[in-house]
Number of protein chains: 2
Amino acid sequence: MSPSRATLIEVATLAETSKSSVSRFFGTERNKLSPALCERIERAAHTLGYRPNLMARGLKGGGSRLLGMLVADIRNPFSVALVHGVEQAARAQGYSLIVCNTDNDPALEQTQLATLAAYQVEGLVINASGQPEAPLQTLMHSGVPLVLLDREVNQLKADVIGLDNAQAIDMALDHLALQGYRSVLYVSESPTQASTRQARLIRFKQQARPRGLTRRTLLLDSLELEAVMPTLKAFAQSAGPTAVLCGNGNVTLALARGFQRLGLAMGQVGLMGIDELDWCALIAPGITTLAQPTDAIGAAAVTCLLNQLKGTTPATVIHRHAPRLLARGSTQRSPTLSSFTPEQANNP
Amino acid sequence: MSPSRATLIEVATLAETSKSSVSRFFGTERNKLSPALCERIERAAHTLGYRPNLMARGLKGGGSRLLGMLVADIRNPFSVALVHGVEQAARAQGYSLIVCNTDNDPALEQTQLATLAAYQVEGLVINASGQPEAPLQTLMHSGVPLVLLDREVNQLKADVIGLDNAQAIDMALDHLALQGYRSVLYVSESPTQASTRQARLIRFKQQARPRGLTRRTLLLDSLELEAVMPTLKAFAQSAGPTAVLCGNGNVTLALARGFQRLGLAMGQVGLMGIDELDWCALIAPGITTLAQPTDAIGAAAVTCLLNQLKGTTPATVIHRHAPRLLARGSTQRSPTLSSFTPEQANNP
DNA sequence: CTGTTAGCGCATTCAG
DNA sequence: CTGAATGCGCTAACAG
């Protein structure tokens, strides 16, 4: 009756055998059992609705079959997409995922890390909000496989998986240059804590001029409109066809608001963002974005983890995934508005 | 060195005491220990970096301190908001949350339910995608506290928490009527599986006419534009000031696309949705929505669960939470476009 | 107040 | 191929 209430012992007695055999049946040694016994156990387990207690299993050496994931901001659609990717891949490998959100709070981050460890997770996927070097160091030394997702952590020698930020910036600049823009404003949230933001910002500073683009940057401590307006307004009136490049989805949202507030026509002033969002195709004439392959990134993270588990530690690896350009009207200087449809905008 | 590697015994020996005392120190009986002992244990535990193994604790009677949550669609921002609410409340009570996504797949749902049970969660928050009556029944009988979130399950006598759907529909109809619309099209995803969709649909059918509104409904099997266009087009040309009411966020997105495709001016043809989304204030002239109090709903779920755990089972409860109206330009028949700003749109 | 004794449900030696 | 025995890390009576 109670699904997870039936124990190994009950199954064993009902099948008229011993605990060990039942244990083997549900473990990796089923092949070492006679077909007859397998049959009996199978039936007994089924009628009892038996399911192994994964906590007990985790206690011994069998492994908890649990993976942990730390997410900096679960309300960010991009993060959710990553969670989804990781969860799918984990399930495909027979693992479950316990997700902890940190709301970008470094203190919470430490707590959650401890919690995850307390549940004996076999591996950890970490999308850090801060720089929790110390706790992560100790975790690594305690032998828990670790993978950093989307954000690196200072001096932590661990696998890192995420977007190829350099390539992304290059693609964005190439696209903007090709569309005839000559002056680009790069807007990012404060890059002090997040390695990804730094990488993108640095690359932008390096690569804009070589493409003949005048560059400016705006670093935001807040995504409030007030923080954006003055710079945006001045920039929009400056020389050369101008375009704004947004460092992530949150920034894109903030700037879309800014454009609207100022009555700027997207395209006339270019707007482009990293991270694809539901509504980017919807805001006329469509916002051009670089979409991240979140499922692939999530899957790569799980693969990494499992590789570490299998002991075959092929040195520290850094996976850089390429983005996909979704070109839309917001980076088209002479929009053919009449023919625009969201469908077209989805297939560059 | 290893955070979760140090065991109760090691702490006990270092503190020159017994396992029981250490156990008590970390349990609920710390008060029954002498200050001196507490001090010694405290130090020992600290130098060893000891953290209780929650799996082992869960094995005995101490409880796993784990709550499980089943989510129908983790990529739906509304669902994520619920997860966030539940997780916050759980953490505040010293519980961790293990979240399983079902991608609206009934089969996956059963699997995930089994997984959750296997981890000995102390309670379950369920946002069902299908009608997994049987598995839930057995779970209930096995004594696991259960709470249904946003969606009921047929004949399952369990606490249900969510929006007050009747009130929501009434508020929407009142608002639309007040704004001068006379004919309303209600668009919903297929209501066969989800109780919430049924409740809203039924209420709409009951309450439209009493308010002097002509009513029509459109039930969607797919959110593709093709599924929406014909009806929308015909409806927009029908008599009386017309407005469209969307049953949830996904539908709102689909219809915003439809409006754009047809070149319909929002407001002239009204558009209103249940569920607030990032971009609703952004699409000019702003889409009017009913926002759900997701944090409150999540917190209520956890409270319910913990009540059941405490044994004080105050009969089956149904929490109905009131939505909040965010009136924007999409339900204003004579928009004052020039003065429109997103900020204003956020504060009705 | 504190230590001692049993298991929780399972995986894993080790013998048959 | 199979069963009996031991212990994972912890909590819960039970005695002092």
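Residue numbers start from 1 in every chain, and the chains themselves are labelled A, B, ... in the order their sequence lines are given, proteins ahead of strands. Below, all heavy atoms of this structure are taken into account, side chains as well, without hydrogens, waters or symmetry copies.
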Check your understanding: In terms of side-chain heavy atoms, does A:Thr102 have a donor or acceptor partner in A:Gln112 at a distance below 3.5 Å?
Key -> no

Practice item. Sequence neighbours left out, what passes salt bridge (charged side-chain N to carboxylate O under 4.0 Å, His left out) with A:Arg30? Give chain and number order. Key: none

Indicate every side-chain donor-acceptor pair of residues 66-73 of chain B with a distance under 3.5 Å to a residue at least two apart or in another chain.
unit_1: B:Asp73; atom_1: OD1; unit_2: B:Arg75; atom_2: N; d: 3.0

**Study point:** side-chain contact (heavy atoms from CB on, under 4.5 Å) partners of B:Arg57, counting only residues at least two apart
**Key:** B:Pro52, B:Leu54

Check your understanding: Quick one: what's the B/S/- string for nucleotides 9-16 of chain C, heavy-atom cutoff under 4.0 Å, read 5' to 3'?
Key -> BBBBBB--

Practice item. Tell me, please, which residues at least two apart from A:Thr192 pass side-chain hydrogen bond (donor to acceptor under 3.5 Å, both in side chains). Key: A:Ser190

Check your understanding: Earliest and latest nucleotide of DNA chain D, 5' to 3', sitting under 4.0 Å from a non-hydrogen atom of chain A?
Key -> D:dC1 to D:dG9

**Study point:** B:Leu37: side-chain contact (heavy atoms from CB on, under 4.5 Å) partners, not counting sequence neighbours
**Key:** B:Thr17, B:Ser21, B:Leu33, B:Ser34, B:Arg40, B:Ile41

Exercise for review: Return the set of residues passing salt bridge (charged side-chain N to carboxylate O under 4.0 Å, His left out) with A:Arg24 (not counting sequence neighbours), or none when no residue passes.
Suggested key: none

Study note, to complete from the structure: Stems for DNA chain D (at least 3 consecutive Watson-Crick or G-U pairs, under 3.5 Å) come to C:1-4 with D:13-16, C:6-16 with D:1-11

Check your understanding: Can you list the residues that meet the salt bridge (charged side-chain N to carboxylate O under 4.0 Å, His left out) rule with A:Glu10, with sequence neighbours excluded?
Key -> none

Review point. What pairs with A:Ala299 under side-chain contact (heavy atoms from CB on, under 4.5 Å), at least two apart in sequence or on another chain?
Key: A:Ala89

Point to revise | Residues forming a salt bridge (charged side-chain N to carboxylate O under 4.0 Å, His left out) with B:Lys60, sequence neighbours excluded | key: none

